[in-house]
Amino acid sequence: MSVPTHGPLFLTNTLTRKKEEFVPLRPPHVGLYVCGPTVYSDVHLGNVRSFLTFDVLYRWLTHIGYNVRYVRNITDVGHLVGDVDEGEDKIAKRARLEQLEPMEIVQKYTNGFHDVMRLFNVLPPSIEPTATGHLIEQIGMVERILKSGYGYEANGSVYFDVSKYAEKHAYGELSGRKIDELMTNTRDTEGMDEKRSPLDFAIWKKAEPQHLMKWPSPWGEGFPGWHLECSAMSTKYLGLTFDIHGGGMDLKFPHHECEIAQSVAADGVAPVRYWMHGNMLTVNGRKMAKSEGNGFTPEELLSGNHKLLEQGYSAMTVRFFMLQSHYASTLDFSNAAMQAAEKGLERLMAALTTLDALTPVATFDPAHDTTLDALIKSANAYMNDDLNTPRAIAVLFEGIPVINNAAAKREDRSGFSAEQLSRWREFYHGIAGDVLGLQHEQRVVANDRALDGLVQEFIRMRAEAKARKDFAASDAIRDKLVAFGIVLKDTKEGTTWERA
RNA sequence: GGUCGCGUGGCCGAGUGGCUAGGCACAGCUCUGCAAAAGCUGCUACUGCGGUUCGAAUCCGCACGCGACCUCCA
């Protein structure tokens with residue numbers, strides 16, 4: 001099988017700020033690394049968007065025939081509260097506040113993160129390494145950086161020497177920053193005399209005696225710097241140079257810039273061939289962020305129990321909503337937009353159900369083949385064009401009238417042959433399901449069968465009433481059911497029901 | 001202040017130098033006992049002002065407005 005099977009894939013490489021054809025280092029293998037969460041609190045919707053973006057990338061790469069090793073880390077140490085390497089560790093702080101062991105915090109929020117990912121139908125990565133599980137690798141990397149002369153030890157901590165690095169390498173190339181501008185704009189450096197320059201960053205940090213999260217190292221007890229883990233773990237699992245590194249736009253600087261510098265300093269090669277950055281989810285035009293206090297958790301979203309939410313929205317509605325915009329654009333969350341997405345998704349999923357329920361006819365429409373060929377072609381082209389999911393979704397909608405038409409009309413030639421049906425189903429389930437990860441909501445849970453049996457009985461009674469033209473009785477049944485949130489739909493095949 | 005980006009129809013949101021995404025909403029019609037659902041039809045936008053061009057919403061300049069990053073953040 002040739003790779004890729006769906007034509008060349010183009011991705012926007014934020015390193016060059018251009019759309020480039022994606023050619024992996026060692027096809028059919030693709031190495032993909034995505035910065036995962038720091039597990040010190042609940043993930044919010046903005047975080048979800050980022051993981052969703054790379055979920056679709058992972059799904060698409062797989063769909064077009066690549067063998068993807070997807071590494072997404074869990075940051076469970078080293079991420080400090082403040083800036084300039086002086087604050088408290090985020091997890092340690094949370095542990096103190098919640099009066100738990102740091103690892104209990106890590107476990108708690110890792111579990112929560114996994115639950116949320118499952119809820120949004122985000123696939124698990126191939127490897128989900130933790131920073132604390134890779135202390136050896138990180139210490140090794142610090143040693144290599146020291147050996148190459150780009151790090152220095154000060155009072156039990158080790159810092160990366162940005163100025164020295166910038167003499168020979170392009171520090172700032174990813175984020176478009178110039179070193180002297182960075183120097184000018186940096187805030188006061190008082191109280192940080194361990195660092196030679198405010199731009200330097202910790203790759204190993206000395207731990208105070210009371211510090212809970214610390215490990216022995218050649219420089220004494222301490223813990224690794226935040227940026228280091230991604231470099232160490234991506235190197236370990238994907239090699240010195242790998243294909244794609246993804247993350248949120250806000251990680252571009254300094255996090256990813258530091259990753260590049262560390263890898264080049266330690267191993268002499270640029271670590272990443274294609275950098276990809278997802279854009280931010282905004283609320284009323286402002287970035288959703290924990291510090292802004294405008295984020296909501298998936299639980300609040302589902303229940304609608306938040307001052308910014310007019311109602312609850314399902315995870316699939318959110319997924320669909322997010323995929324209706326391009327990953328590189330900011331996306332503004334609003335109730336009106338969510339309600340529109342809810343309706344749109346409903347229509348799409350209803351069409352899928354209709355398609356699955358269609359029965360083949362003898363006098364089918366031969367045009368369904370050419371129509372489908374066109375849909376397939378453009379859907380693939382759009383996905384290959386830097387993951388244009390909104391366009392791919394639009395393609396799915398283009399075929400919906402064809403499906404609905406076939407279902408609504410029994411007499412004409414709008415029907416499908418058995419072969420056409422299987423091809424259409426394969427396409428719709430492939431794009432909507434496998435690639436975009438949209439799935440039916442499980443709206444009714446435990447007593448689904450009991451409820452269905454009950455409603456079917458009412459439908460039967462109503463049909464009897466209609467048969468004897470007792471419309472008062474039939475309407476009464478329908479209205480009663482509506483009051484209970486059950487909506488009846490009359491079709492040529494009979495009456496179906498769904499929840500309002 | 002520096003760097004980067006954005007400004008599209010009632011709303012959300014794609015996009016290309018000429019071939020008028022899609023969703024939601026709205027209106028009319030068809031189907032239906034009625035309604036819902038479904039189908040058909042309609043709704044032609046691109047912040048402002050200049051410029052390049054046969055032709056620009058799409059390229060360039062300026063202005064205005066908004067945002068992101070520059071400090072932890074997906």
Side-chain angles (χ1 to χ4, degrees), chain A residues 14 17 34-38 40-41 43-54 79-84 86-87 90 172 175-178 180-182 184-187 198 226 246-255 277-282 285-292 295 320-321 324-326 328-348 350-351 354 378 382 385 388-398 400-401 403-405 407-409 414 466 469-471 474-475 478-479 482 487-492 495-496 498 500:
Chain A
T14 36
R17 292 175 192 81
V34 171
C35 290
T38 301
Y40 70 101
S41 66
V43 289
H44 65 235
L45 220 52
N47 304 315
V48 170
R49 186 182 186 204
S50 188
F51 299 120
L52 171 61
T53 294
F54 295 105
H79 208 154
L80 303 182
V81 172
D83 57 351
V84 297
E86 290 299 318
K90 287 191 174 185
S175 52
R177 247 148 266 241
K178 297 193 173 49
D180 35 330
E181 283 171 1
L182 284 169
T184 314
N185 290 322
T186 308
R187 294 180 305 184
W226 174 43
M249 205 79 105
D250 46 1
L251 294 181
K252 222 161 145 184
F253 187 90
H255 186 57
H277 290 95
N279 215 322
M280 299 293 108
L281 180 71
T282 61
R286 300 215 156 253
K287 174 184 170 183
M288 183 181 282
K290 285 167 186 167
S291 52
E292 293 265 347
F320 179 79
F321 164 72
Q324 271 193 306
S325 79
H326 189 80
S329 304
T330 54
L331 172 63
D332 197 53
F333 183 95
S334 69
N335 283 283
M338 285 299 296
Q339 281 153 10
E342 189 171 55
K343 291 275 177 58
L345 176 64
E346 213 167 272
R347 183 155 164 252
L348 177 61
T354 303
S378 53
Y382 286 129
D385 183 15
N388 194 332
T389 53
R391 239 14 226 257
I393 288 173
V395 171
L396 293 177
F397 274 103
E398 278 170 38
I400 287 181
I403 295 168
N404 285 336
N405 238 330
K409 297 176 183 169
S414 64
K466 283 171 72 173
K469 303 250 189 271
D470 184 358
F471 296 121
S474 70
D475 287 355
R478 189 176 63 200
D479 295 345
V482 166
V487 179
L488 300 186
K489 294 180 182 178
D490 294 336
T491 72
K492 291 268 199 295
T495 302
T496 62
E498 64 182 40

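Just so we're on the same page: letters track the sequence lines, and every chain starts at 1. These numbers come from the heavy atoms of this one structure, side chains and all, not from hydrogens, waters or symmetry mates.
Among residues two or more places apart in sequence or in another chain, the side-chain hydrogen bond (donor to acceptor under 3.5 Å, both in side chains) test is passed with A:Lys252 by none.
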Starting from the C-alpha separation in whole Å, work towards a yes-or-no answer on side chain to side chain donor-acceptor pair (under 3.5 Å) for A:Thr330 and A:Asn279.
CA-CA 5 Å; A:Thr330 54; A:Asn279 215 322; 5.3 Å; no
Given the rule in the side chain to side chain contact (heavy atoms under 4.5 Å, CB included) test, do A:Met288 and A:Met280 qualify, once you have shown the distances and angles that lead to the verdict?
CA-CA 7 Å; A:Met288 183 181 282; A:Met280 299 293 108; over 6 Å; no
Could you walk me through whether A:Phe333 and A:Thr282 pass the side chain to side chain contact (heavy atoms under 4.5 Å, CB included) check?
CA-CA 6 Å; A:Phe333 183 95; A:Thr282 61; over 6 Å; no
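One atom, CE of A:Met280, and another, C1' of B:A74, lie 5 Å apart when rounded to the nearest Å. Here B:G33 presents its C1' atom at 14 Å from CG of A:Asp479, a figure rounded to the nearest Å. Computed from coordinates, the A:Phe253 CZ to B:C69 P distance equals 13 Å when rounded to whole Å. Atom NE2 of A:His255 is separated from atom C1' of B:U71 by 15 Å (rounded to the nearest Å). The nearest whole Å value for the distance from the NE2 atom in A:His277 to the C1' atom in B:A68 is 13 Å. Following rounding to the nearest Å, A:Phe320 (CZ) and B:G23 (P) show an atom-to-atom distance of 9 Å. One interatomic measurement links the two molecules: CD1 of A:Ile400 to C1' of B:G23, which rounds to 10 Å at whole-angstrom precision. Taking atom CZ on A:Arg177 and atom P on B:C70, their separation rounds to 7 Å, with Å as the unit.
If you take atom P in B:C34 and the same atom in B:C29, they sit 14 Å apart, rounded to whole Å. Atom P of B:A63 sits at a distance of 22 Å from the matching atom of B:A68, rounded to the whole Å. Between B:G7 and B:A45, the two C1' atoms lie 13 Å apart (nearest whole Å). Here, B:C26 and B:U16 have their P atoms 31 Å apart, quoted to the whole Å. If you take atom C1' in B:C6 and the same atom in B:G48, they sit 16 Å apart, rounded to whole Å. Look at the P atom in both B:U3 and B:U8: the space between them is 25 Å, to the nearest Å. Comparing the same atom, C1', in B:C19 and in B:G10 gives a spacing of 27 Å after rounding to whole Å. B:C11 and B:U53 have their C1' atoms separated by 35 Å, given to the nearest Å.
When side chains are defined from C-beta on, A:Pro390 does not count as touching A:Tyr382, because their heavy atoms never get closer than 4.5 Å. Looking only at side-chain heavy atoms (C-beta outward), A:Phe321 and A:Glu342 stay at 4.5 Å or farther from each other. With a 4.5 Å cut-off on side-chain heavy atoms, A:Leu348 and A:Leu396 count as touching.
On a pure distance criterion of 3.5 Å, a polar donor-acceptor pair joins the side chain of A:Arg478 and the base of B:A35.
With hydrogens and angles disregarded, a donor-acceptor distance shorter than 3.5 Å links the side chain of A:Ser334 to the backbone of A:Ala337.
Here A:Asn405 does not reach the OP1 or OP2 of B:G39: none of its side-chain N or O atoms lies under 4.0 Å away. The shortest distance between the side-chain N/O atoms of A:Arg347 and the OP1/OP2 oxygens of B:C24 is below 4.0 Å. The phosphate of B:A25 (OP1 or OP2) has a side-chain N or O of A:Lys343 nearer than 4.0 angstrom.
For the 3.5 Å distance criterion, the side chains of A:Asn405 and A:Ser414 fail to qualify, holding no donor opposite an acceptor. Of the N and O atoms on the side chains of A:Asp490 and A:Thr495, at least one donor lies less than 3.5 Å from an acceptor on the other residue.
For the pair A:Glu398 and A:Leu488, both in contact range of RNA chain B, the more 5′-proximal nearest nucleotide belongs to A:Glu398. The residue among A:Lys178 and A:Thr38 whose nearest nucleotide of RNA chain B is located toward the 5' end is A:Lys178.
Within 4.0 Å of A:Ile393, counting heavy atoms only, lies no atom of the nucleic acid at all. At the heavy-atom level, A:Met288 lies under 4.0 Å from base atoms of the strands shown. Counting any heavy atom pair closer than 4.0 Å across all strands shown, A:Asp490 reaches a base atom.
Where RNA chain B pairs in unbroken runs of 3 or more (Watson-Crick or G-U, both distances under 3.5 Å), the stems are B:1-7 with B:64-70, B:10-12 with B:22-24, B:26-30 with B:38-42, B:47-51 with B:59-63.
Seen from the ring of A:Phe253, A:Arg177 counts as a face-on cation partner, given the 6.0 Å and 45° thresholds.
By the 5.5 Å and 30° criteria, A:Phe471 is stacked with the base of B:G33.
Taking the side chain of A:Phe397 as heavy atoms from C-beta on, and the options B:A74, B:G22, B:C72, the nearest nucleotide is B:G22. With distances taken from any side-chain atom of A:Asn47 to the nucleotides B:A74, B:G67, B:A37, the minimum falls on B:A74.
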Summarise how protein sits on nucleotides 4-19 of chain B as a single string, 5' to 3': B when a protein heavy atom is under 4.0 Å from the base, S for sugar-phosphate-only contact, - for no contact.
--------SSBS----
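Salt bridge status for A:Asp385 with A:Arg391: absent, with no side-chain N to carboxylate O gap under 4.0 Å.
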